[in-house]
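Below, each value reflects all heavy atoms present in this structure, side chains not excepted, and no hydrogens, waters or symmetry copies. Keep in mind that what you see is a predicted model, and the values were worked out from it rather than measured.
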Number of protein chains: 2
Amino acid sequence: MSTLANQIEVYLKKLLSATESGVLELKRSDLAEIFMCVPSQINYVLSTRFSSSQGYLVESRRGGGGYLRIIRLSIDNEPNLTALLENGGERRVSRQAGEKLIDRLLEEEFLSKREGMIIKAMIDDRVIGSAANADGLRCDLINAVLLLLLRDDFSE
Amino acid sequence: MSTLANQIEVYLKKLLSATESGVLELKRSDLAEIFMCVPSQINYVLSTRFSSSQGYLVESRRGGGGYLRIIRLSIDNEPNLTALLENGGERRVSRQAGEKLIDRLLEEEFLSKREGMIIKAMIDDRVIGSAANADGLRCDLINAVLLLLLRDDFSE
DNA sequence: GCCGATTTGACCTTCTTTGACTATATTATA
DNA sequence: TATAATATAGTCAAAGAAGGTCAAATCGGC
């Protein structure tokens, strides 16, 4: 029953909960060695158990000094934000809907005025309008911001 | 975890910030000796961390009495920002170049840490990487931010 | 036996370190 | 004053050190 992937998942979540910051940093190769598996097994675990919809963010760097960084999102503390994230499963956001959403984040003081201006400028049709599937892209851009807002280490 | 290149970068930036003038002069061979590495390692650090797009100018002289001189440039006025906007007519910005540019705006305090994080999240390859012409899109996104920075009503 | 979940490995991309070879200045020597 | 020796720094490509991707093989439950 307990697959390798499960064991690695448990191991990582344990380490993660032992951290104060909710940020865990390690080497993929080390982890692979601990569990005596191929390195890509780690990627499998990360993508199936530590996705953003499951409340985690993963950053990494290649090359010498490379690392994996797993970041826990405080999904439970911010039900409002989390609800927005789901976005009704919608994969596209119109310009208008996008701006409204940002305005709402402003009102609820999740964002400063300047931050709101930056985001609005970046999801503007004059910038992304010519891209194929602009509304899909806008959705992705906004989602990236929402995920950021859920990070413990964001507010600082 | 931290690479040699990182350590040298930190060391140099520390020395640099301790200067009044923003000019640091030293011998490549001395530095290499301090860090017990080959001299060309220093060139690697200079080219990856102290490039002009990152706000530094490096002058040097060979031969007896040779030296390296690292000069910190500051974006203290609008024309400089506009120059960044032009970007040498480049219509594409790689992930790496984009991050470095944002880092520079951070160091120059045109952006807050949070603002930098927001922008970086939005120009991340995981968000825009799958778009056709991702580097072109990234260029457009960054330019939108630079334009915003030039607006009188932005700073407030 | 089918199907989704897991495991594995071949190949790819990015970043760093190293060293052989090159270029340029200064200093000593003929 | 040429020239040779010495002292620096620069360039570039190969090797090394990570992590990423993707598809084929395998496993387990129904």
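A donor-acceptor contact under 3.5 angstrom links the side-chain atoms of B:Arg62 to the base of C:dA23. Between the side chain of B:Arg28 and the base of D:dT8, no donor-acceptor pair under 3.5 Å is found. Donor-acceptor pairing under 3.5 Å, judged by distance alone, is present between the side chain of A:Ser40 and the base of C:dG9.
Salt-bridge annotation for A:Arg91 and A:Asp140: present, with a side-chain N of the basic residue lying under 4.0 Å from a carboxylate O of the acidic one.
The shortest distance between the side-chain N/O atoms of B:Tyr44 and the OP1/OP2 oxygens of C:dT17 is not below 4.0 Å. Taking 4.0 angstrom as the limit, A:Gln41 places none of its side-chain polar atoms (N or O) nearer than this to OP1 or OP2 of C:dG9. The side chain of B:Arg126 places no N or O atom within less than 4.0 Å of a non-bridging phosphate oxygen (OP1 or OP2) of D:dT21. Between B:Ser29 and D:dA9 there is a side-chain polar atom (N or O) within less than 4.0 angstrom of OP1 or OP2.
Of the candidate nucleotides C:dT14, C:dT18, D:dA18, C:dT14 has the atom lying nearest to any side-chain atom of B:Arg95. The side chain of A:Ala5 lies closest to C:dT6 when the candidates are D:dT21, C:dT16, C:dT6. If you check D:dG20, C:dC15, D:dA18 against the side chain of A:Lys27, the one that comes closest is D:dA18.
Proximity of a side-chain donor or acceptor of B:Lys120 to a complementary backbone N or O of B:Asp103 within less than 3.5 Å is not detected. Proximity of a side-chain donor or acceptor of B:Arg138 to a complementary backbone N or O of B:Val93 within less than 3.5 Å is detected. Although no hydrogens or angles enter the test, the distance criterion places no donor-acceptor pair under 3.5 Å between the side chain of A:Glu99 and the main chain of A:Ile123.
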